[in-house]
Amino acid sequence: MILCECGEFIEGNTFKEYIKTSINPSTPTIGHSACGLIFDFIDDTKRSYSSRKELKELAMRFAGKRQMTPDMTALFLLEVERLKSAGKFSDRDILAAAAHRVIMHRK
């Protein structure tokens, strides 16, 4: 599962694209159909782990896309902060676990 910069998990909502990379002038890759972002898995220089501020911004976009209530968003952000403080989890793992815990708490 891939977490897009727009805050959505990409689950089959992709398109095929060819981009120029350092290994090939026509490297096959995928793009996210919802926002149009094309992923460069070869030369991508982004960090695997965001700063706290970047992760909170991503979490807010994620909560907005999921149409979380203000109470759920507050719990979600607290859970994201707790998981970020707990160790070296990837952004995707933090957001998925926090969303799962908030949804389970609501039931």
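Positions are given from 1, in the same order as the sequence printed here.
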Atom [atom1] of [X] and atom [atom2] of [Y]: how far apart are they, to the nearest 0.5 Å?
| X | Y | atom1 | atom2 | value |
| --- | --- | --- | --- | --- |
| M72 | L77 | CE | CG | 11.5 Å |
| D91 | K84 | CG | NZ | 6.0 Å |
| I30 | N13 | CD1 | CG | 10.0 Å |

- Under the ring-ring contact (aromatic ring centres under 6.0 Å, His included) test, which residues partner F76, sequence neighbours left out?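 F76: ring-ring contact (aromatic ring centres under 6.0 Å, His included) contacts with F62.
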
[X]-[Y] co-clustered via ILVMFWY side chain contacts under 4.5 Å:
| X | Y | result |
| --- | --- | --- |
| I103 | M60 | no |
| L83 | L78 | no |
| I10 | L37 | yes |

- Item | For R52, salt bridge (Lys or Arg N to Asp or Glu O under 4.0 Å) partners two or more places apart |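 R52 satisfies salt bridge (Lys or Arg N to Asp or Glu O under 4.0 Å) with E81 once adjacent residues are dropped.
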
Partner set under side chain to side chain donor-acceptor pair (under 3.5 Å) for [X], not counting sequence neighbours:
| X | answer |
| --- | --- |
| S22 | D43 |
| N24 | none |
| E57 | K53 |

- Members besides I42 in its Ile/Leu/Val/Met/Phe/Trp/Tyr cluster (side-chain heavy atoms under 4.5 Å):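 Same cluster as I42: I23.
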
- Apply side-chain contact (heavy atoms from CB on, under 4.5 Å) to T29 and list each qualifying residue two or more places apart in sequence or on a separate chain.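 If we apply the side-chain contact (heavy atoms from CB on, under 4.5 Å) test to T29, skipping adjacent residues, the hits are E17, I19, I38, F39, F41.
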
- Message: Restricting to non-hydrogen atoms, name the atom on P28 and the atom on K16 that form the minimum distance, rounded to 0.1 Å.
- Response: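 Taking P28 first and K16 second, the nearest heavy atoms are CB-CE, 4.3 Å.
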
- Task: Enumerate the residue pairs fulfilling ring pair (Phe, Tyr, Trp, His ring centres under 6.0 Å) with a member in residues 12-32, sequence neighbours excluded, ordered by first and then second residue.
- Result: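 Every candidate ring pair (Phe, Tyr, Trp, His ring centres under 6.0 Å) pair involving residues 12-32 fails, so no pair, neighbours aside, qualifies.
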
- side-chain hydrogen bond (donor to acceptor under 3.5 Å, both in side chains): which pairs involve residues 61-79, sequence neighbours left out?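 Those involving residues 61-79 are E79-R82, E79-R101.
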
